[in-house]
Student: 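Below you will find the structure I want to go over with you.
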Amino acid sequence: MKSARVVSFAAAVLLSASMLAADDACPCVPLSHLWVVKTCHDWNCASTELLLGNGDPQIFAVPIGMEDGRWLVVRRVAAGAAITDPAEPFQIEQFDGMNDGAGRFRTIPRDGKPVLLTTPDGRVLVLSLKAAGARRHATAH
């Protein structure tokens, strides 16, 4: 009888300890980050985006060599925290190293306005017009 009480008490202690542990989210869960792009039609729009970033070093603006003066605002976000606008004319691809990024950059036609960037987190980004990427994939098959 005494051993049954000890087992019951031990089970209750373990159950309450596991419930307390469930309340504390582990801070060691790694977050993955993605880079997203937003097209601004002029510098006023791009500078406003930078201002809203409040000095965040993970947000920067890049001019595009187009006659209409467009800028791209590139921002690092936690995966799942942002949705890419399907109407966005530019796409962004991420690579872990310069070899892969430069290889992809070389395959994009000049009319796709490709841009190769390195970021503060060590990633290599390739930005280009979506239409140019679609033409390249269609001819590659």
Side-chain angles (χ1 to χ4, degrees), residues 2-141:
K2 187 175 181 181
S3 64
R5 286 186 194 158
V6 171
V7 170
S8 298
F9 178 73
V13 168
L14 290 174
L15 181 61
S16 63
S18 67
M19 290 173 61
L20 287 175
D23 290 340
D24 296 331
C26 177
C28 59
V29 175
L31 293 177
S32 60
H33 290 88
L34 300 173
W35 290 91
V36 295
V37 64
K38 177 183 178 181
T39 301
C40 282
H41 294 288
D42 59 15
W43 171 245
N44 289 335
C45 170
S47 64
T48 300
E49 290 290 326
L50 293 174
L51 181 68
L52 292 173
N54 199 26
D56 185 351
Q58 305 298 328
I59 302 171
F60 52 91
V62 180
I64 295 299
M66 298 179 83
E67 295 76 28
D68 60 5
R70 281 190 251 186
W71 286 74
L72 299 179
V73 176
V74 182
R75 177 186 321 260
R76 183 177 182 234
V77 297
I83 297 173
T84 304
D85 181 3
E88 174 63 45
F90 280 85
Q91 64 186 356
I92 189 167
E93 298 173 77
Q94 306 177 80
F95 300 93
D96 290 327
M98 185 57 78
N99 286 340
D100 293 334
R104 173 64 178 123
F105 177 79
R106 284 191 298 270
T107 65
I108 300 171
R110 291 186 58 88
D111 66 343
K113 302 298 181 190
V115 176
L116 179 72
L117 301 168
T118 58
T119 61
D121 67 352
R123 302 296 301 255
V124 175
L125 305 179
V126 176
L127 295 93
S128 63
L129 284 168
K130 286 181 181 176
R135 280 194 306 269
R136 186 196 67 81
H137 292 296
T139 59
H141 293 288

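Quantities reported herein were computed from a predicted structural model and do not represent experimental measurements.
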Student: What pair of heavy atoms forms the shortest contact from Gln58 to Pro120, and how long is it?
Tutor: NE2-CB, 4.1 Å
Student: Looking at CZ of Arg75 and CG of Asp56, how far apart are the two atoms once the value is rounded to the nearest 0.5 Å?
Tutor: 8.0 Å
Student: May I have the step-by-step check of side-chain contact (heavy atoms from CB on, under 4.5 Å) for Val124 and Asp100, ending in yes or no?
Tutor: CA-CA 8 Å; Val124 175; Asp100 293 334; over 6 Å; no
Student: Which atom names give the shortest non-hydrogen contact between Phe95 and Gly101, and what distance separates them?
Tutor: CD1-CA, 3.6 Å
Student: Looking only at non-hydrogen atoms, find the nearest pair between Phe105 and Val115 and report the distance.
Tutor: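 Reported closest heavy-atom pair: CE1-N, 3.8 Å.
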Student: At their closest point, which heavy atom of Cys40 faces which heavy atom of Ala46, and how far apart are they?
Tutor: SG-N, 3.5 Å
Student: Taking atom CG of Leu72 and atom NZ of Lys38, what is their separation to the nearest 0.5 Å?
Tutor: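 Rounded to the nearest 0.5 Å, the CG-NZ separation comes to 12.0 Å.
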Student: Could you walk me through whether Thr118 and Met98 pass the side-chain contact (heavy atoms from CB on, under 4.5 Å) check?
Tutor: CA-CA 8 Å; Thr118 58; Met98 185 57 78; 3.6 Å; yes
Student: If you measure from CZ on Arg76 to OG1 on Thr119, what distance do you get to the nearest 0.5 Å?
Tutor: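 Arg76 CZ to Thr119 OG1: 7.5 Å, rounded to 0.5 Å.
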Student: Within this structure, what is the CH2-CG distance for the pair Trp35 and Leu117, rounded to the nearest 0.5 Å?
Tutor: 9.5 Å
Student: With Leu127, which of Ile64, Ile108, Val74, Val62 fulfils side-chain contact (heavy atoms from CB on, under 4.5 Å)?
Tutor: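 With Leu127 as partner, side-chain contact (heavy atoms from CB on, under 4.5 Å) holds for just one option, Val74.
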Student: Test side-chain contact (heavy atoms from CB on, under 4.5 Å) on Val36 and Ile92; report intermediate values, then the result.
Tutor: CA-CA 7 Å; Val36 295; Ile92 189 167; 5.5 Å; no
Student: Please report the shortest heavy-atom distance between Lys130 and Asp85, naming the atom on each side.
Tutor: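 Taking Lys130 first and Asp85 second, the nearest heavy atoms are NZ-O, 3.9 Å.
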Student: Any salt bridge between Arg70 and Asp68, counting N to O under 4.0 Å?
Tutor: yes
Student: Kindly give the heavy-atom pair with the smallest separation between Ala61 and Trp43, and that separation in Å.
Tutor: CB-CZ3, 4.2 Å
Student: So does Arg123 get a backbone contact from the side chain of Gln94, meaning a donor-acceptor N/O pair under 3.5 Å?
Tutor: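 Answer holds: no.
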Student: Kindly say whether Cys45 contributes a backbone atom to a donor-acceptor pair with the side chain of Asp42 at under 3.5 angstrom?
Tutor: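 Here the side-chain-to-backbone pair exists.
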